Amino acid sequence: MLVTLALVAATLQAAQKPAAAPDLTDPEVAHVAVTANAIDIDLAKFAQTRTRTPAVRQFAQTMITDHSAVNAQAAALAAKLGVTPADNAVSQSLQTGAADARKSLEPLQGAAFDRAYLDREIGYHQVVLDAIDKLLIPTTDNAELKKLLVDVRPAVATHLEHAKHVRSELGGASGK
Amino acid sequence: MNWLMAVLLVAALGGAAPPRTHTVEIRGMEFHPAELTVAPGDTVVWINRDIVPHTATAKGWGTDVLTQGQSGRIVARHAGMIDYACNLHPTMHGKLLVRD
């Protein structure tokens, strides 16, 4: 996962350079958005089969509910604009990271699982927030797609705070 | 002053004001306004402008889950300070001050 986060971070840094041309087309931005939501829904569904902690279960349910709502809007907007989401390096990097995260969570149970899941969610939402700010919003041309990203940002920020709050209640060291 | 005017004056000065309806908008993952003062008998309406669903929930009462564009209401019954939150997003908080 760290390698993947580094890849996304490198992409973000490239996007920050003043001279850099926008990296992603709008169909690619749409693909990143849909992928980012789908990844979090999938992991939350897995977490719900594994956790026995009410606060963690509730957090996972909120991730499913919210990211599904966002994806429904993204799909509706893409259809309205006639945009077909296009796969790209950022989407692939997120998917590789998701697969790695799932692999590292798979053997864990109980409190160790809860902590590792919340640690992953904190890191993931931070990466997505950075991607929204530094890559996706700046590179998006279509005003409605840009507005969707702007509208979604506070939800991602709230998820990050929610994850940190639940994680702090779990106690224990990060990582395991 | 005839008796009817006296009754009306007493009603205007001493009687309860007619109940009002207050609106709290939920947008950008916040309650607007975050703090609201109402009188007993007033109605508070929460309307969700966000893409994601929300609730306004306190001990003993709460709205249903409100999807985008939906609203829910409660009638403030008793004086007091009420802290409420969104059930789906526990970091979202609001206050309702109910007083005469």
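None of the values given here were measured: they were computed from a predicted structure. Letters A, B, ... are given to chains in the order of the sequence lines, protein chains preceding strands, and every chain is numbered from 1.
- Between chain B and the options A:E161, A:Q73, A:R153, heavy-atom pairs under 4.5 Å are most frequent for A:Q73.
- The aromatic rings of A:H162 and A:F59 stand perpendicular to each other, their planes meeting at an angle above 60°, with 30° marking the opposite boundary.
- One finds a salt bridge joining A:E106 and A:R50 here, because a Lys/Arg side-chain nitrogen approaches an Asp/Glu carboxylate oxygen to under 4.0 Å.
- Between B:W61 and B:Y84, the two ring planes are tilted [angle within 30° to 60°].
- For the residue pair A:N88 and A:S91, a side-chain donor N or O sits within less than 3.5 Å of a side-chain acceptor on the partner.
- Only the side chain of B:Q68 comes within less than 4.5 Å of a heavy atom in chain A; its backbone stays farther off.
- Using a 4.5 Å cut-off between heavy atoms, A:H159 touches chain B through its side chain atoms alone.
- Contact of A:Q58 with chain B is made through the side chain alone, with heavy-atom distances under 4.5 Å.
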